[in-house]
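Heads up, the thing below is written out as structure tokens.
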Amino acid sequence: MTSATVPSSSATVRVPAKVNLELLVGPVREDGYHNLSTVYHAVSLFDEVTVSFADEWGLEVCGPRAEGVPTDGSNLAARAAQLLARAGGVDEPVHIRIRKDIPVSGGMAGGSADAAAALVACDHLWGLAMTREELEEIAADLGSDVPFLLAGGTAMGSGRGEVLAPVLARGTYHWVFALSDGGLSTPAVYAECDRLREGREVPEPTPTPAMMTALRSGDARALGRALTNDLQPASIRLMPELGDILDAGMEYGALGGVVSGSGPTVAFLVEDTEAALDLAVSLTASGAVQDVRRATGPAHGAHLVAGPRPS
Ligand code: ATP
């Protein structure tokens, strides 16, 4: 969609998916959450969220991955818009249209991405001009990953993942994502992780020197070796075929592979565009994966691609 085709009564925001380059999970907290130490990385798989003035609140989902996305008030984009309206004292209903290309329940934070996009789009359409800090605060109330999807790039996350800090990261990285048909529920994966670690002392998570060094140097091979996800054993336990997919990707020459977030998407890091194409073809031909997507990172966070000019 270009700016020429969008009426000024709409705003369209493009938002990336994420992969966790490192996801370290601490012991379960009293509130049931876990302290995390994670490195988020935004990749070039995008959803687009368009908000338009309307007589009443509404939401539609279209695009290649629309199936399974709720269209009622439980949609995270709708919740984000309502929360922002309350925070900004706005009483102007909007229609939300989500063009979905990020896999649903895939561990790539598609719902959180749409929430971040809705915040940026509505802020713009309603002319609220909230500060980045104000939007981040609302984002953190919506979900642990939402502040990162506002920011994009590569960043450290702590707390439940919502406390962001910059990380020195060089280079552009090439990714192949192996997608699975079924989704994995994030709470179920955390519960399985707790079960697998029962009776074991779990340390508070801190970033690893191997990951920080790899990112600082921009060395894709070192980054491939440093990819880590504490949830991976639990995801594989719940979906054993993920182990086979990881093995296949490494056999076909990936520099590293890791389950993305709680899965079931598996992310493979490769050397360059050509290697990405080769791996995508090999994985598809092997029959081990249902669908593959190529992408690069880091990508920009939620950003306006069409809409009224700021006054
Ligand atoms: P997580 O952020 O926990 O890693 P995920 O990437 O695995 O999540 P999502 O695609 O964000 O999974 O969807 C998780 C659930 O959230 C879905 O099952 C769906 O019912 C619900 N949901 C709410 N809003 C959205 C949305 N805009 N897009 C996708 N799913 C949504």
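Since the model is a prediction, treat every value here as computed from it, not as a measurement. Side chains included, hydrogens not; waters and symmetry mates left out as well; all remaining heavy atoms used. As the structure lists them, so they are numbered: ligands from 1, and atoms in each ligand from 1.
- Distance from atom 7 (O) of ligand 1 to its nearest protein heavy atom, with residue and atom name: Gly107 N, 2.8 Å.
- A side chain to side chain donor-acceptor pair (under 3.5 Å) with Asp47 holds for exactly one of Arg65, Lys100, Arg14; it is Lys100.
- Contact atoms of ligand 1 toward Lys100: 28 (N), 29 (C) (distance under 4.0 Å to a heavy atom of the residue).
- Of the protein's non-hydrogen atoms, Pro70 CD, 3.7 Å is the one closest to atom 20 (O) of ligand 1.
- The option from Ser112, Ala77, Ser105, Gly111 that lies nearest to atom 15 (C) of ligand 1, judged by heavy atoms, is Ser105.
- The side chain to side chain donor-acceptor pair (under 3.5 Å) search around Gln232 returns none, not counting sequence neighbours.
- To the nearest 0.5 Å, the span separating CE on Met211 from CD on Glu22 amounts to 5.0 Å.
- Backbone and side-chain nitrogen or oxygen atoms of Met108 are examined, and one is located within less than 3.5 angstrom of a nitrogen or oxygen of ligand 1.
- Between Val94 and Trp57 there is a side-chain heavy-atom pair separated by less than 4.5 Å.
- Every atom of ligand 1 with a heavy atom of Gly110 under 4.0 Å away is listed here by number and element: 6 (O), 10 (O), 11 (O).
- A salt bridge links Glu271 to Arg221: one of the charged nitrogens lies within less than 4.0 Å of a carboxylate oxygen.
- Residue, atom and distance of the protein heavy atom nearest to atom 1 (P) of ligand 1 are Thr186 OG1, 3.7 Å.
- Within ligand 1, the atoms closer than 4.0 Å to a non-hydrogen atom of Asp145 are 2 (O), numbered from 1 in the order shown.
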Could you go step by step and tell me if Ser262 and Thr186 meet the side chain to side chain donor-acceptor pair (under 3.5 Å) rule?
CA-CA 6 Å; Ser262 53; Thr186 304; 3.1 Å; yes

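- Contacts of Arg160 classified as salt bridge (charged side-chain N to carboxylate O under 4.0 Å, His left out), with partners at least two apart in sequence or in another chain: none.
- Nearest protein heavy-atom contact of atom 24 (N) of ligand 1 is Leu76 N, 3.0 Å.
- Summary of contacts: the protein heavy atom closest to atom 6 (O) of ligand 1 is Ala109 N, 2.6 Å.
- Note: Trp175 and His41 have tilted aromatic rings, judged against thresholds of 30 and 60 degrees for the angle between ring planes.
- Those atoms of ligand 1 that come under 4.0 Å of a heavy atom in Val104, given as number and element, are 10 (O).
- Interface atoms of ligand 1 facing Asp114, defined by a heavy-atom separation under 4.0 Å, are 26 (C), 27 (N), 28 (N).
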